[in-house]
Amino acid sequence: MKVSVIGLGYVGLVTSACLAEWGHDVLGADNNRRRLDALLRGAAPFHEPGLDAMVADNLERRRLRFTASATQAARDGDAVIVAVGTHDGNGGWQTLTIQSCLADIVPEMPDDAPLIIRSTMPPDFIRRMALIARAIRSEAGRKPVPVMLNPEFTREGSAIRDFMHPERVVFGSVDDPDGHGLRTLQELYANVTAPMLSMSAMDAAFAKLGANLFLATKISFANELAALCDAYGAHVDNVVQAMGHDPRIGPTFLRAGVGFGGSCLPHQVSMTVRDADRDGIDSPLLDAVNRINHRQRLDLVQHLARMVGQLEGQRVALLGLTFKPHTDDLRDAPSLTVAAELLAAGATVVAYDPMPSARARAIELVPDLVVADDVYAALANASAAALVTEWPEFLQIDWSRAAEAVRRRIIFDGRNALDPSQLRAAGFTYSAFGRMVTGQVAAMEPVQMAMPSGREGRGAGRRTSSRRRRALARVDPESAA
Ligand code: UDX
């Protein structure tokens, strides 16, 4: 099938390359010249495992082509997929781009080519979508086209596998009176053996939103559980492992740590809370998911402060900048908040990430951040280190060598990914979220440890100490009083 894809960002480019890989004849359009130039050389403009090779191979086979002209692409397709950005970069929606994209391409589309929207859109925009498309077509003197939603469920770092071997594919009908839009999508995904679910446009949008909100909730739940484990002296890894055997719960997305980042989960949680608040809908659970996620970032800094004594004048090594491994994406990455908080507390922050592009971007985003070209250089003379992204490279660190490089052997594992026994053997004081370390200390020294010195006014410190007081009230009511 001849497919045109408008917008070659993360979603659009992965969609284009994978559809071409399946044998469709794909024409991708983007108005960013630098991005197009890179693509024409067969290079993806961001890091995604396997994508460069897939783009180059399909360019060579001429199943994948690129153009700067969205209108040319719209005229050319048996189906036209829209994958332009809808985030304002600040936890809100931005629909100007998609509106102007639709105004450009919809009048040009062939009469029987379905318009397939893959961008995530706000509910009120979805509600108006059929009217918008029909109005544009009628103004151009053209027949209406079928309009469908096809939300994406791909994760960065495994986007190609997720696209080619999905667990489910969801089709939402915006305006599809004779079913031609649905049949076209079924043909497009003919290679997929997973369930293909068709439903209303709003159901499809909420099927995606619901999945992401649930994943975010699982992570914040694990982080709340980790705080309880710390306070009472349990080990969150063991707790979650045991819980995960229950098929009603499952083992995934329950890893405690510095919290979720990226372009999807933080954005969808905060926008849902914001929209619900505007529309007078109570969303206390999602509000808490959001607050817990942000608190984890501040708590990591508090834990470091407690371990080091005070942050002012100290050199802290940050291991990892990207929001998760196997991507170079820094959008809403916990590392950025952590670095900014450490710098605000007077520390010097030296970060290392295996992705050179992420290192270069991080110093643009966080003034005063220093980046190093290898992990041992970042650790050199550090008074403390924090693991923020669990890149495989960090799991291979020679901790005896690191112990010689640092000034003080202190590490906070913000992803519960390192082996504490290895670190302790190399002489490090190790701490993490919910791995019992702070709980043990709290039980022994409840009063002195209740607040980090000099940081009593900070929200995270207050919450940590009141949590500990409540916990102590159960096991030792007198000392908690
Ligand atoms: C997410 C959804 O998973 C995907 O289905 C959707 O299409 C886009 O958004 P992505 O943003 O690529 O994908 O990342 P994901 O793998 O979901 O991880 C999100 C964040 O959660 C990362 O920062 C990760 O480190 C964190 N995380 C994940 C945890 O903190 N704990 C976990 O147990 C799992």
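No hydrogens, no waters, no symmetry mates; every other heavy atom, side chains included, goes into these values. Atoms within a ligand are numbered from 1 in the order they appear, just like the ligands themselves.
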Can you check whether Arg255 has an N/O within less than 3.5 Å of an N/O in ligand 1? yes
The atoms of ligand 1 lying under 4.0 Å from a heavy atom of Glu152, numbered in the order shown, are 7 (O)
Lys218 touching ligand 1 at heavy-atom level, < 4.0 angstrom: no
Looking only at heavy atoms of Gly261, does any of them come nearer than 4.0 Å to an atom of ligand 1? yes
On a heavy-atom basis, which atom in Thr154 and which in Ala159 lie closest, and how many Å separate them? CG2-O, 3.5 Å
For ligand 1 and Ile219, I'd like to know whether there is a polar contact (N/O to N/O, distance under 3.5 Å). no
Is there a side-chain contact (heavy atoms from CB on, under 4.5 Å) between Phe433 and Leu300 once you walk through the steps? CA-CA 8 Å; Phe433 289 109; Leu300 188 150; 4.0 Å; yes
Looking at side-chain heavy atoms only, is the closest gap between Arg291 and His294 below 4.5 Å? no
May I ask you to identify the nearest protein heavy atom to atom 23 (O) of ligand 1, giving residue, atom name and distance to one decimal place in Å? Phe323 O, 2.9 Å
Trace of the ring-ring contact (aromatic ring centres under 6.0 Å, His included) decision for Tyr352 with Trp391: CA-CA 11 Å; Tyr352 169 73; Trp391 281 99; 9.2 Å; no
Between Tyr189 and Phe171, is the side-chain contact (heavy atoms from CB on, under 4.5 Å) condition met? List the steps. CA-CA 11 Å; Tyr189 284 93; Phe171 306 136; 3.7 Å; yes
With a 4.0 Å heavy-atom cut-off (strictly under), which part of Val258 contacts ligand 1: side chain, backbone, both or neither? neither
Would you say Arg278 has more than 12 foreign heavy atoms packed within less than 6.0 Å of its CZ? yes
Considering non-hydrogen atoms of the protein only, which is the closest contact for atom 13 (O) of ligand 1, and what is the distance? Arg155 CG, 3.6 Å
Minimum heavy-atom distance Ile6-Ala73, with the two atoms named: CD1-CB, 3.8 Å
Option with minimal heavy-atom separation from atom 21 (O) of ligand 1, where the choices are Phe260, Phe253, Phe153: Phe260
Can you check whether Val26's main-chain N or O pairs, donor with acceptor, with His24's side chain at less than 3.5 Å? no
Judged on heavy-atom distance to atom 14 (O) of ligand 1, which of Lys324, Glu156, Gln268, Lys208 sits nearest? Lys324
Give the atoms of ligand 1, by number and element, whose distance to some non-hydrogen atom of Asn212 is under 4.0 Å. 2 (C), 4 (C), 5 (O), 6 (C)
Element-labelled atoms of ligand 1 that are located less than 4.0 Å from some non-hydrogen atom of Leu215: 3 (O)
So if I count the atoms of ligand 1 from 1 in the order they appear, which ones are less than 4.0 Å from some heavy atom of Leu254? 33 (O)
Ignoring hydrogens and geometry, is there a side-chain-to-backbone donor-acceptor pair from His87 to Gln94 under 3.5 Å? no
Using a 3.5 Å distance criterion without hydrogens, assess whether the side chain of Asp328 forms a donor-acceptor pair with backbone atoms of His47. yes
Counting both backbone and side chain atoms, is some N or O of Thr154 under 3.5 Å from an N or O of ligand 1? yes
Carefully, step by step, assess Met243 and Leu225 under the rule side-chain contact (heavy atoms from CB on, under 4.5 Å). CA-CA 12 Å; Met243 286 167 57; Leu225 192 63; 3.7 Å; yes
Tell me which protein heavy atom sits closest to atom 25 (O) of ligand 1, plus the residue, atom name and distance to 0.1 Å. Arg415 NH1, 3.2 Å
Please identify which atoms of ligand 1 are closer than 4.0 Å to at least one heavy atom of Leu265. 19 (C)
Show me which atoms of ligand 1 lie under 4.0 Å from any heavy atom of Cys264. 8 (C), 9 (O)
